[in-house]
**Q** 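This is the structure I have questions about; it appears just below.
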Amino acid sequence: MREVPLSTCERTSLVSSIYAGLRYDNRKFLEVRDITLNFGKDYGSCTATLGETRVLAQVTCEVVEPRPSRPNEGKLSIAVHLSPMAAPHLEPGRTNDLVDELQQILDRNIKESRCLDLESLCIQAEESVWQLRLDVTVLNHAGNLGDTCNLASVAALRHFHRPDVSVEADGRVTVHTLEEREPVPTFMRKVPVCLTYGFFMENDEKCHVVMDPTEREERVMCGRLVVGLNPHGEVTSLLFPGRVVMQKQTLLFCIRNAFSKAKTMAEAVQQAVEDNLTQHKATLVKPHGYEIKNLRSDSGYNRWLIEQRINRKKLKMEEGGVPMEEDVQETLEKAQSDPCVNEDSLQRPSDTFTQGPPHNSPSMDIDRKNENGSYLDGKETAELEDEEEEVKSRLTASDLF
């Protein structure tokens, strides 16, 4: 599927706003979108979000033979993947200029900058070393993929812990599991930072510089500059794709601005990684993985159905003039006595999900007696039986144990 082009009105509106000193997302020219880092349950799994742009980075390792030219250094390989869900015009299995550009940015900023200590990955010189593989997958393309891929990659590498190994006298290498021995953290000398600047030329004289361009701004801007550097003031890479002629003053301005923001971004990445690693090492707190708040499981939907039954029955009996406080309380006590029921989901269902599905238990049977001890009439009993059949039809095997 081809990329949907911008209309003439959209292009004119975007460029005119930049010339007037405004951006359509109400940001300043040198303001970066909100950055969020989420880590998975496994070491080396990180999702970076920059505005609406989202990238997943995963680090894996294996024991291989070293290169003959560098017998005491490990290996690092980086692969970039464009998911079809990122944008309608991206197709899997096809290489394009975007993949090559992202690959070049990560290779220069991470591999060629020597930010990772490859000698620490050596197990036996000239025999065996660790090879780290970094897979970067673009989940949503909303502009500035270079910075987002770099953030996810650096955070995943710092978060990654490889298994510990032991070398026998005969040269055999034994890789221990995480339960047998504590994993070994990955050592990074420096934290590389990548910052992107977009250029808009007005009458071929005045150059407007914007930081962290969005996907629409990337379509209409004249050129951009990708600055790779570390907090120590060292420029690791400079990439200048575009057709605009850049002045020396503009280049120096972008580099100075990048230095002023590099230290803050690097410290934010380190702090996020350390906080998650502390949670990993805690004995009472287990990592919860990625935070997904808008999905509802089958058991959650069944819990929601149970609470709806209680509310409908309570409303029906109150309209008939019969109090239901004792009946509802008895039903809730039955639900809470079941070990499969979460008490918080019954009392505060709206804190977990958008519409608050309460917990479910197959042992929750609604009593069919009123306050006088007599059974309900045939019509009300049939309605309750229909509701029970609806709930039972949605129960899964996990809800029965």
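Just the heavy atoms: all of them, side chains too, but no hydrogens, waters or symmetry mates, feed the values below.
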**Q** Enter the distance from Met246:CE to Cys222:SG here, rounded to the nearest 0.5 Å.
**A** 11.5 Å
**Q** In terms of heavy-atom contacts, does CD of Glu126 have more than 12 from other residues, nucleotides or ligands at under 6.0 Å?
**A** no
**Q** Restricting to side chain to side chain donor-acceptor pair (under 3.5 Å), what partner residues turn up for Ser69, sequence neighbours left out?
**A** none
**Q** Just checking, any donor-acceptor pair under 3.5 angstrom between side chains of Thr236 and Asn109?
**A** yes
**Q** Step through the shown structure and confirm whether more than 12 heavy atoms of other residues, nucleotides or ligands are within 6.0 Å of CD on Glu182.
**A** no
**Q** With Thr196, which residues qualify under side chain to side chain donor-acceptor pair (under 3.5 Å), at least two apart?
**A** Asn144, Asp147
**Q** Begin from the C-alpha positions of Arg33 and Glu217 and carry the test salt bridge (Lys or Arg N to Asp or Glu O under 4.0 Å) through to its verdict.
**A** CA-CA 14 Å; Arg33 290 173 292 179; Glu217 292 175 345; over 6 Å; no
**Q** With Phe29, which of Asp212, Val210, Val209 fulfils side chain to side chain contact (heavy atoms under 4.5 Å, CB included)?
**A** Val210
**Q** Between His159 and Cys46, is any pair of side-chain heavy atoms under 4.5 Å apart?
**A** no
**Q** Give, for atom CD1 of Ile110 and atom CG of Leu116, the distance between the pair rounded to the nearest 0.5 Å.
**A** 9.0 Å
**Q** How about CD on Glu274, more than 12 heavy atoms from neighbouring residues, nucleotides or ligands closer than 6.0 Å, or not?
**A** yes
**Q** Can you name the nearest heavy-atom pair linking Cys61 to Arg162, along with the distance?
**A** SG-CB, 4.2 Å
**Q** Tell me every residue that passes salt bridge (Lys or Arg N to Asp or Glu O under 4.0 Å) with Glu267, counting only those two or more places apart in sequence or in another chain.
**A** none
**Q** Test Asn38 against Asn276 for side-chain contact (heavy atoms from CB on, under 4.5 Å), laying out the working first.
**A** CA-CA 9 Å; Asn38 291 325; Asn276 189 266; over 6 Å; no
**Q** Under a 4.5 Å cut-off applied to non-hydrogen side-chain atoms, are Val167 and Glu127 in contact?
**A** no
**Q** Nearest heavy-atom pair of Ser128 and Val173: which atoms, and what distance?
**A** OG-CG2, 3.8 Å
**Q** Over all heavy atoms of both residues, which pair between Leu121 and Lys75 is shortest? Give the atoms and the distance, please.
**A** CD1-O, 4.1 Å
**Q** First locate atom OH of Tyr24, then atom CZ of Arg216, and finally report the distance between them rounded to the nearest 0.5 Å.
**A** 5.5 Å
**Q** Under 3.5 Å, is there a donor on one side chain and an acceptor on the other for Tyr197 and Thr250?
**A** no
**Q** Are there more than 12 heavy atoms of other residues, nucleotides or ligands under 6.0 Å from atom CZ of Arg181?
**A** yes
**Q** Distance-only check: which donor-acceptor pairs under 3.5 Å involve side-chain atoms of residues 135-143, not counting sequence neighbours?
**A**
| from | atom 1 | to | atom 2 | distance (Å) |
| --- | --- | --- | --- | --- |
| Asp135 | OD1 | His81 | NE2 | 3.2 |
| Asp135 | OD1 | Arg133 | NE | 3.1 |
| Asp135 | OD1 | Arg133 | NH2 | 3.1 |
| Asp135 | OD2 | Arg133 | NE | 3.2 |
| Asn140 | ND2 | Glu52 | O | 2.5 |
| His141 | ND1 | Gly143 | N | 3.4 |

**Q** Less than 4.0 angstrom from a charged side-chain N to a carboxylate O is my criterion; do Arg224 and Glu101 meet it?
**A** yes
**Q** Determine the minimum heavy-atom distance between Val99 and Val80, stating which atoms define it.
**A** CG1-O, 4.1 Å
**Q** Measuring from Thr47:OG1 to Leu151:CG, what's the distance to the nearest 0.5 Å?
**A** 12.5 Å
**Q** Under the side-chain contact (heavy atoms from CB on, under 4.5 Å) rule, what do Leu50 and Val32 come out as? Steps first, then yes or no, please.
**A** CA-CA 8 Å; Leu50 182 60; Val32 183; 3.8 Å; yes
**Q** Suppose we call two aromatic rings close when their centres sit under 6.0 Å apart. Are Tyr43 and His161 close by that rule?
**A** yes
**Q** Using only atom types and a distance under 3.5 Å, with no angle test, would you say the side chain of Ser45 pairs donor to acceptor with the backbone of Asp42?
**A** no
**Q** Let me confirm one number: the SG-CG distance from Cys122 to Asn72, rounded to the nearest 0.5 Å.
**A** 6.0 Å
**Q** Can you name the side chain to side chain contact (heavy atoms under 4.5 Å, CB included) partners of Lys28, sequence neighbours left out?
**A** Glu31
**Q** Of all heavy-atom pairs between Ala272 and Leu37, which one has the smallest distance, and what is that distance?
**A** CB-CD1, 4.0 Å
**Q** Does some side-chain heavy atom of Trp130 sit less than 4.5 Å from a side-chain heavy atom of Val165?
**A** yes
**Q** Side chains of Pro163 and Thr177: does their closest heavy-atom pair fall under 4.5 Å?
**A** no
**Q** Just wondering, do Phe199 and Cys254 contact through their side chains at under 4.5 Å, heavy atoms?
**A** yes
**Q** Is there a side-chain contact between Arg23 and Ile18 (heavy atoms, below 4.5 Å)?
**A** yes
**Q** Would you say the side chains of Gln271 and Asp275 form a donor-acceptor pair under 3.5 Å?
**A** yes
**Q** Is it the case that the side chain of Glu73 and the backbone of Val129 share a donor-acceptor pair, with hydrogens and angles ignored and the cut-off at 3.5 Å?
**A** no
**Q** Using only atom types and a distance under 3.5 Å, with no angle test, would you say the side chain of Lys206 pairs donor to acceptor with the backbone of Phe200?
**A** no
**Q** Would you give the length of the straight line joining atom CZ of Arg189 to atom OG of Ser120, rounded to the nearest 0.5 angstrom?
**A** 8.0 Å
**Q** Give me the atom names and distance for the closest heavy-atom approach of Lys190 to Pro192.
**A** O-CD, 3.3 Å
**Q** Answer yes or no: does atom CZ of Arg54 have more than 12 heavy-atom neighbours from other residues, nucleotides or ligands under 6.0 Å?
**A** no
**Q** Considering only heavy atoms from C-beta outward, does the side chain of Thr49 approach that of Asp34 to under 4.5 Å?
**A** no
**Q** Show me the donor-acceptor pairs, under 3.5 Å and distance only, between side chains in residues 258-266 and residues at least two apart or in other chains.
**A**
| from | atom 1 | to | atom 2 | distance (Å) |
| --- | --- | --- | --- | --- |
| Ser260 | OG | Asn257 | O | 2.5 |
| Lys261 | NZ | Leu30 | O | 3.4 |

**Q** Between Val193 and Asn230, is there a side-chain heavy-atom distance shorter than 4.5 Å?
**A** no
**Q** Should Cys194 and Ile105 be marked as a side-chain contact (heavy atoms from CB on, under 4.5 Å) after you check the CA-CA gap, both sets of side-chain angles, and the distance that decides it?
**A** CA-CA 9 Å; Cys194 182; Ile105 291 175; 3.9 Å; yes
**Q** When you look at Arg219 and Leu14, which way does the side-chain contact (heavy atoms from CB on, under 4.5 Å) test go after all the steps?
**A** CA-CA 10 Å; Arg219 292 193 187 186; Leu14 287 171; over 6 Å; no
**Q** Strictly distance-based, threshold 3.5 Å: is any side-chain N or O of Thr186 a donor or acceptor partner for the main-chain N or O of Phe160?
**A** yes
